[in-house]
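Each remark here refers to the structure printed beneath this line.
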Amino acid sequence: MQTACLFKGPYVSKYQSFSPPFLSPPHRGVLITPKSRPRTSTTSGKTFVIRAMPDSSSSSPEIDNNGALRKFKLNESSFLASLMPKKEIGADRFIEAHPEFDGRGVVIAIFDSGVDPAAAGLQVTSDGKPKVLDVIDCTGSGDIDTSTVVKADANNCIRGASGASLIINPSWSNPSGDWHVGYKLVYELLTDTLITRLKKERKKKWDEKNQETIAVAVKQLEEFDKKQTKVDELVSKRTREDLQDRVDYLKKQSDSYEDKGPVIDAVVWHDGKVWRVALDTQSLEDDPKCGKLADFVPLTNFKIERKYGVFSKLDACTFVTNVYNEGNILSIVTDSSPHGTHVAGIATAFHPQEPLLNGVAPGAQVVSCKIGDSRLGSMETGTGLTRALIAVVEHKCDLINMSYGESTMFPNYGRFVELVDEVVNKYRVVFVSSAGNNGPALTTVGAPGGTSTSIIGVGAYVSPAMAAGAHALVEAPSEGLEYTWSSRGPTADGDLGVYVSAPGGAVAPVPTWTLQRRMLMNGTSMSSPCACGGVALVISAMKAEGIRVSPYSVRKALENTCAPIGCLPEDKLSNGEGLIQIDKAFEYAKKAADLPCVWYKITITQAGKTTASTLRGIYLREASYCHQSTEWTVQVEPQFHEGASNLEQLVPFEECIELHSTGKDKDVVKAPEFLLLTYNGRSFNVVVDPTKLSDGLHYFEVYGIDCKAPWRGPLFRIPITITKPKILTARPPLITFPGLSFQPGHIVRKYIEVPYGATWVEATMRTSGFDTSRRFYIDVVQLSPLRRPIKWESVAIFSSPSTKSFTFSVEAGRTMELAIAQFWSSGIGSQETAVVEFEIAFHGINLSRSEVILDGSEAPVRIEAQALLSSEKLIPIAKLNKIRVPYRPVDVKMSALSADRDRLPNGKQILALTLTYKFKLEEGADVKPQIPLLNNRIYDNKFESQFYMISDSNKRVYAMGDVYPESAKLPKGEYNLQLHLRHENVQYLEKLKQLVLFIERKLDKEAVQLSFYTQPDGPVTGSGSFKSSTLDPGSKEAFYVGPPTKDKIPKNSGEGSVLVGAISYGKPSAEVTDQGNDPEKNPVSYQISYRVPPTKVDEDKGKSSNSSKASTKSVSERLEEEVRDTKIKVLGSLKQGTEDERAEWKKLSVSLKAEYPKYSPLLAKILEGLVSQEVEDKVHHYEEIIGAANEVVESIDRDELARLLSMKGDPEEEEFEKTRKKMESRVEQLVEALYQKGLALVELASLKGEMAALAANLGAEVVDKPTTTTTTADGDLFEETFKELQKWADKKSPKYKTLVIIREKHSGRLGTALKVIGEMMEEEGDPPQKKVYEERICLLDEIGWGHLVTYEKQWMLLRFPPNLPLF
């Protein structure tokens, strides 16, 4: 199967080329590993010299004007400056010339994983103002339900949501007396990296306590053995077993220990002015005196007082609080990785004592908008993105930085893009974002930064100073260049993609929980805030100078003053307009201050071609476009900000535009010379003739210059990218690229039209000519309509000259780009050039059908295979390894969300649709929910958000997810899946009320290997098996794939379910693949599915009762039995919630008992009714239960029951089977009666204060003897009842083991009781019973194992939460 290029999350490169001794390696929380590896950009496949640094005012003699190093030496100041690069973009020169234009008056919204307000350099601005204005969790991952309201008692005590007793500080003002309570598992707020550290520390302390406890238990056992010479005596034997069970239990706890984290209680109240928050964090502290609620210094919404807290000294994790929805929702905001703090530090950090480590704009302020959801490992969500944009407008931000993104199917499309357009165009916000880390191939820019018109996409650049200092390389490159992994343009619709570049690495602040002040990261995640900080300087200066700020004018100033990187036209696809220059951009903005704020919207269509979609550039990639001349219609529309005056701005607007085209060959791109542009826009045609161009990459531009003010530079640009592919005519199709020379950072691009008939490639890469290790990136990209870019990629590391082989799928008839890049820092210090020979052999098997659907019948499906290019080995393999079961919602709820966070800037309220699905697993399995309509799209999706959670009947959540569902291991049981969809358009949501969802389950051992045949009757006759064949070029061969045999269909596969798997046909060479019997390991596999048919009709169903032996009972007898059973059924249906209802029930039960005094089913139903009652007189109640149980037991002839159960007969004989079922029913009634009697006896003894007597009668050695004289009748009766139960109950049944636990507990043998509870938990079905776990805690507490009591109590809130978490 061909896979689409897919990466997501923060754009931090995971290919760090450094390991500075004073910096820790990247944390797992720092990197959100994309589905495919992050990359960096490259350039054309031609040899060239990169020139990239701007003119510098530095006095350093080692650096010349363009940044090249003559005698590169670092001193302390230049080293520190390289850690936070600013010289490259002219920011240092600008602030030196304009110290008060350092970002003051500018507010930047950081859309990221969250910013730590306690991090170094993020407390104040350069002019003493608060650095961080607000910290918001836009995802809701830190939300706590605080809708439960309690009152304090006379001792200022309240019951927390976790069940803990909390003391309120009497000094806290609360006029209403209402205390909102909630709780949170702390690990739900922390990053994986921090959790790992805390678990290690907590496990160490827990082990110490457990080992101490084991030592005590072992000592007790040893002392017992010393005292006892013989263990034959029953009581002593049981006592020793109990002591051994205690030791075994403690040892087992060490192995099964799983830390789910401490629990914090949260209390929210209104002090008459603002909402206040206090946390009880005692569970995080070792000292019981620390972390108490009453000692907490109350917080309020961060933006009001800008105060934050720290959970504990151990975690050192900063958090802030925000209260929403009138105190009913508390948001505890923590970061989901260090990424966001690092980004904020690059843009704005201020270090008065270390100015060289300042961010680019130390005077700017920050609003932290957390879009990385902690529940999803810092993945962004639609909810987070939308709320972040709402916050931007509310806080009147000037700038947005977003260092997140992923690949997309549609550029410049989707709900988020629509909202961004509004924020930029209406509210004049400048939006800067990373272009992506998925290079070096073309068309790898990610959404939204590299694909959205309203956003400035930034590529990542590395300068010689950064390489020598921050990356600590032994030798710096002679010139600056784009990082290898930085994504490249153009977009699929022809836009440039990368608009500007900025330094893509820095040592910047990180959160305090990392236990360090700064960290080195690189990626377009870092280039974006560097550029954003530079823009903040420009805006700061514009505001100070009274120049109206517009994202249109700022962007134009930025792009038209860049320092070019590289000397080839196609370098723009890697670097955009070049390296931003802040000082020059401001001079441009000043000069353009009186010009209208206009953006020029470009839409392009091919002349004479009708299409629904428009383009933003001209991208000739396929061979059909590269071998003919084409004409394109370009529409230029001036775009003013919303609210522009018709008479003062729109009507007078008129510009005389002179059109230019780049490129030496003027015959390739032709356009008119002039254009008169008015507000309503103007169209013109462009003719592109690539027929005379050589194979490979070519880049041109058509751009417009203002005739009256040519100094403005291009007002608009039309990018024209041509990738003319090489066409292979030889058969078999084989191409070799010999003698490719590589130096660090060099990229070779080759374009080939994949021959028709090809489905996969076998490639060989041979290297030579070098000594030290070399790292290469190999990318292969194809574009296909309505798909994300199809990408194969590999990182090949050659420790010495050698050969590596690869295989990957391709799409026939489409241009394939092969990009080979030597990593920018690989081989630096070596003077040797790596030489590469790359060979590509195309293979393929063409099929009559790409997707195979078996319809559920016995008929096979015919498949026709053909090899068009060369002889191929045909070895079909098919395997069904997943089952998908469709579900529709059982419950639908539509609601309006809170206006606090979910009202759009245009005033529209966001609505939520919550769909509930139910499904059942007969055994544990890996499951994944699938929503075909919505999955796998965040940015290119018209729906705002989706989020699901899977929980059991105890409300325990097992899995959460959004657009990228992941498999979760679920135990056997019944589950609810709640799906939360958001949009402001109620009509859209209405259409989704019956949305179909699939639960996909892995089959593992039940996977079905399918068979192939040469005959259509093969699946039935078993003859004509097809294994393999050789396809000669042009020849065809047909065969059949048979459905799975009925015995192979997984159990519990209901009608409507679909078995899904893969089928492959070809056999690549053994050198490049080891497929075995797994078609998914083949480079080319296709989907195959089987629809599960209706199950067979039960042969016994529908049999007439007349066919069985005639009944010996008369009609009147049968009628009397029917009446009796109906009366009993009515009795069981009566409610007993009130006194009157219980009286009615009592009256009927007495009447029926008088009528049928010895009928066991009736007596069992009466016992069942008594057990279900809730009454105040407990003593009388339990006495009634004992009496009713005795009546059930006495009504059953146990001797006769035993005799009948011991009889053997033919199960096929109806009369015997009927008798057997009746006897089994009597056994169940007997066991239930004995069980309820035993429970009632214990409860009665407890109420009468006779537990000591009961224990003494059970032969306890450990408990104290009774202090008062009491009867031992109940003790005798319990033991008698228990022994009777032993005769009839299954020893593994919960009822039997429950009485065993009670018996052992009251005998003082708590260790044995714990052992039995453990056995119950291992055997019981899902969901677990809360009372069993509560009993275990009671036993642990009674023994005195405090550390285990604490551990189990924390688990209780996970297993049995009072409510589902908020979305």
Side-chain angles (χ1 to χ4, degrees), residues 101 103-111 133-134 347-348 361 363-367 369 385-386 388-402 412 416-433 448-449 452-458 499-500 528-529 531-560 580 582 585-586 588-601 637-646 648-650 653 679 712 715-716 904-907:
F101 299 167
R104 298 175 198 186
V106 177
V107 179
I108 304 175
I110 303 293
F111 287 15
L133 295 176
D134 204 357
T348 71
Q365 294 177 294
V366 165
V367 173
C369 299
L385 293 166
T386 301
L389 289 173
I390 293 171
V392 165
V393 176
E394 288 180 351
H395 288 78
K396 295 181 171 57
C397 297
D398 302 286
L399 268 163
I400 299 171
N401 182 84
M402 181 172 165
N412 204 42
F416 179 68
V417 173
E418 292 172 357
L419 295 175
V420 167
D421 289 344
E422 180 182 355
V423 168
V424 172
N425 299 328
K426 182 176 181 179
Y427 298 98
R428 296 174 173 250
V429 179
V430 181
F431 200 138
V432 182
S433 183
S452 307
T453 299
S454 296
I455 300 176
I456 304 173
V458 186
Y499 302 108
V500 296
S528 180
C532 184
V535 175
L537 298 181
V538 175
I539 293 177
S540 176
M542 292 175 71
K543 286 186 173 184
E545 295 284 325
I547 303 172
R548 184 73 184 273
V549 177
S550 161
Y552 306 156
S553 57
V554 169
R555 180 168 183 169
K556 195 59 61 187
L558 210 63
E559 292 181 350
N560 283 347
I580 62 171
I582 301 308
F586 174 57
Y588 183 104
K590 278 204 303 184
K591 197 171 183 180
D594 296 328
L595 296 173
C597 297
V598 180
W599 185 251
Y600 300 85
K601 181 181 178 182
E637 298 178 57
Q639 184 172 311
F640 289 77
H641 286 291
E642 187 172 321
S645 169
N646 288 343
E648 296 180 7
Q649 293 175 278
L650 307 189
F653 179 80
Y679 167 70
R712 296 173 66 188
L715 302 182
F716 57 83
L904 295 171
N906 60 17

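Bear in mind the structure is a predicted one, so any value in this text is a computation, not a measurement. We're numbering straight along the sequence, starting at 1.
- No side-chain heavy atom of Leu715 sits less than 4.5 Å from a side-chain heavy atom of Val598.
- Side-chain contact between Pro638 and Phe653 is present, with at least one heavy-atom pair separated by less than 4.5 Å.
- Atom CG of Asp594 has 12 or fewer neighbouring heavy atoms from other residues, nucleotides or ligands inside a 6.0 Å radius.
- Put simply, the side chain of Tyr679 does not reach to within 4.5 Å of the side chain of Gln649, judged on heavy atoms.
- By the ring-ring contact (aromatic ring centres under 6.0 Å, His included) test, His641 is found to be paired with Tyr552, residues two or more places apart in sequence or in another chain being considered.
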Query - Step-by-step side-chain contact (heavy atoms from CB on, under 4.5 Å) determination, Arg712 to Asn560 - result: CA-CA 8 Å; Arg712 296 173 66 188; Asn560 283 347; 5.5 Å; no

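- In plain terms, the two heavy atoms of Val417 and Ser452 that are nearest each other are CG2-OG, 3.7 Å.
- With sequence neighbours left out, the side chain to side chain donor-acceptor pair (under 3.5 Å) criterion links Lys543 to Asp398.
- Nearest heavy atom pair, residue Val549 against residue Arg428, reads O-NH1, 3.4 Å.
- In this structure, CG on Asp421 lies 12.0 Å from CD on Glu642, to the nearest 0.5 angstrom.
- Contact between Cys597 and Phe640 at its shortest, heavy atoms only, is O-CD2, 4.0 Å.
- Across all their heavy atoms, Ala364 and Ala536 have their closest contact at CB-CB, 4.5 Å.
- Rounding to the nearest 0.5 Å places CZ of Phe111 at 9.5 Å from CG of Asn401.
- Checked by atom type and distance alone, the side chain of Glu545 never pairs as donor or acceptor with a backbone atom of Ala541 at under 3.5 Å.
- The main-chain N or O of Met402 is found under 3.5 Å from a side-chain atom of Ser433 such that the two form a donor-acceptor pair.
- Contact between Ala585 and Val538 at its shortest, heavy atoms only, is CB-CG2, 4.1 Å.
- When all heavy atoms of Met542 and Ser553 are compared, the closest pair comes out as CE-OG, 4.3 Å.
- Ile390 has its side chain within reach of Pro905: a pair of non-hydrogen atoms, C-beta onward, lies under 4.5 Å apart.
- In this pair, Phe716 and Tyr600 present their aromatic rings tilted. The plane angle is within the 30 to 60° band.
- Here the CD atom belonging to Gln639 is positioned 7.0 Å from the OG atom belonging to Ser454, to the nearest 0.5 angstrom.
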Query raised in the report: Under the side-chain contact (heavy atoms from CB on, under 4.5 Å) criterion, do Leu419 and Thr386 qualify, and how do the steps go?
Result: CA-CA 8 Å; Leu419 295 175; Thr386 301; 3.9 Å; yes

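- Counting heavy atoms from C-beta on, the side chains of Trp599 and Asn425 never come closer than 4.5 Å.
- Under the ring-ring contact (aromatic ring centres under 6.0 Å, His included) criterion, Tyr499 pairs with no residue at all, not counting sequence neighbours.
- Here Glu637 does not pair with Lys601 in a salt bridge; the nearest charged N to carboxylate O distance is not below 4.0 Å.
- The side-chain heavy atoms of Val366 and Val107, taken from C-beta on, include no pair separated by under 4.5 Å.
- Side chains of Leu399 and Val106 form a contact here, defined as non-hydrogen atoms less than 4.5 Å apart.
- Note: Ile108 CD1 to Cys532 SG = 4.5 Å, rounded to the nearest 0.5 Å.
- Note that SG of Cys369 and CG of Leu389 are 8.5 Å apart. Values are rounded to the nearest 0.5 Å.
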Query raised in the report: Passes side-chain contact (heavy atoms from CB on, under 4.5 Å), Val393 versus Val423? Steps please.
Result: CA-CA 7 Å; Val393 176; Val423 168; 4.2 Å; yes

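- Between atom OG of residue Ser528 and atom CD1 of residue Ile456 there is a gap of 9.5 Å, rounded to the nearest 0.5 Å.
- A 4.5 Å side-chain heavy-atom check between Val430 and Ile400 finds every atom pair outside the cut-off.
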